[in-house]
Amino acid sequence: MSDTRDNPLDDPTADPFEIAAAAADDIARLTGVEAHDIALTLGSGWGKAADLIGETTATIPATEVAGFSKPALEGHVGTLRSVLTPGGKRVLVIGARTHFYEGHGPRRVVHSVRTAAATGARTMVLTNGAGGIRHTWTPGQPVLISDHINLTGASPLEGATFIDLTDLYSMRLRDAARRIDPSLEEGVYCQFRGPQYETPAEVQMAKAIGGHIVGMSTALEAIAARQAGMEVLGFSLITNLAAGIQTTPLSHQEVLEAGREAEPRISALLAQVLAVL
Ligand code: 8IG
């Protein structure tokens, strides 16, 4: 269901960066934490992963923070958390993703990323649940995002904002993740608008143009993170093989189950990766 309450981002004359700054002020006030070092967005299947990364010092409903909207879906948590890692880093855990398919436009989609940057975070860790195109991948497998293809036709950038996206998904951070789990594979993430899953023909198109992962979230967020000067690390949990790659129909139930089963492994992985960032 769409969210009909007023959101300041829906005012076209508003400056989205000012609203992100106001949101960061809300977070500082509500968490008691002046600045964060790292931000982590939890996608489908990654919901419990934050519990291992450190001590949660504050949990706030995203609806208390300027510009955030209600989560649209079961499996997406509508909270922001401040977590203190054993190494002393402050992590802003974002469990309140807004998807492009909700139809509120790119400003709302990337607001959490801009807010994270405004809290001081220099590293943006983006996670998602996604479909896998590679036949050798199995549901429940986490993979690193090496690059993306944005098939939404949209952008979070406004006007003549020419942003370089070379090494968008930081090689340095991918190397750090692989030192922790050398078996991690990587692939190119194709963002479709959704919310329908792809047709098998669309999956074949994604494969032909160099894609390995199909999803509905991360590319627009990564672009905004780069605009904000953050270093990006992206993980997809392959919750299903993409349409036509797997022979059975795709279901949201299957996605939730794959997430639950993979939880222990990906939680440990994320905690270990965050410890070295
Ligand atoms: I979870 O197969 C999940 N999200 N586009 N395709 C797209 N998004 C997804 C898929 C999928 N699985």
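As the structure lists them, so they are numbered: ligands from 1, and atoms in each ligand from 1.
Within the structure, the ring-ring contact (aromatic ring centres under 6.0 Å, His included) test picks out no pair touching residues 258-277 (sequence neighbours left out). The salt bridge (charged side-chain N to carboxylate O under 4.0 Å, His left out) contacts involving residues 26-44 comprise D26-R29, where partners must be two or more places apart or lie in separate chains.
No side-chain donor-acceptor contact under 3.5 Å links Q191 and T152. A donor-acceptor contact closer than 3.5 angstrom is absent between the side chains of H36 and R90.
The pair D175-R172 fails the salt-bridge criterion, with no side-chain N (NZ, NE, NH1 or NH2) lying under 4.0 Å from an Asp/Glu carboxylate O.
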List the atom pairs, donor and acceptor, that lie under 3.5 Å between side-chain atoms in residues 262-277 and the rest of the protein, sequence neighbours left out.
from	atom 1	to	atom 2	distance (Å)
R265	NH2	D181	OD2	3.0
S267	OG	E263	O	2.6

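Listed by chain and number, G129, A130, G131, Y197, E198, V214, G215, M216, T239, N240, L250, V255 each place a non-hydrogen atom less than 4.0 angstrom from ligand 1.
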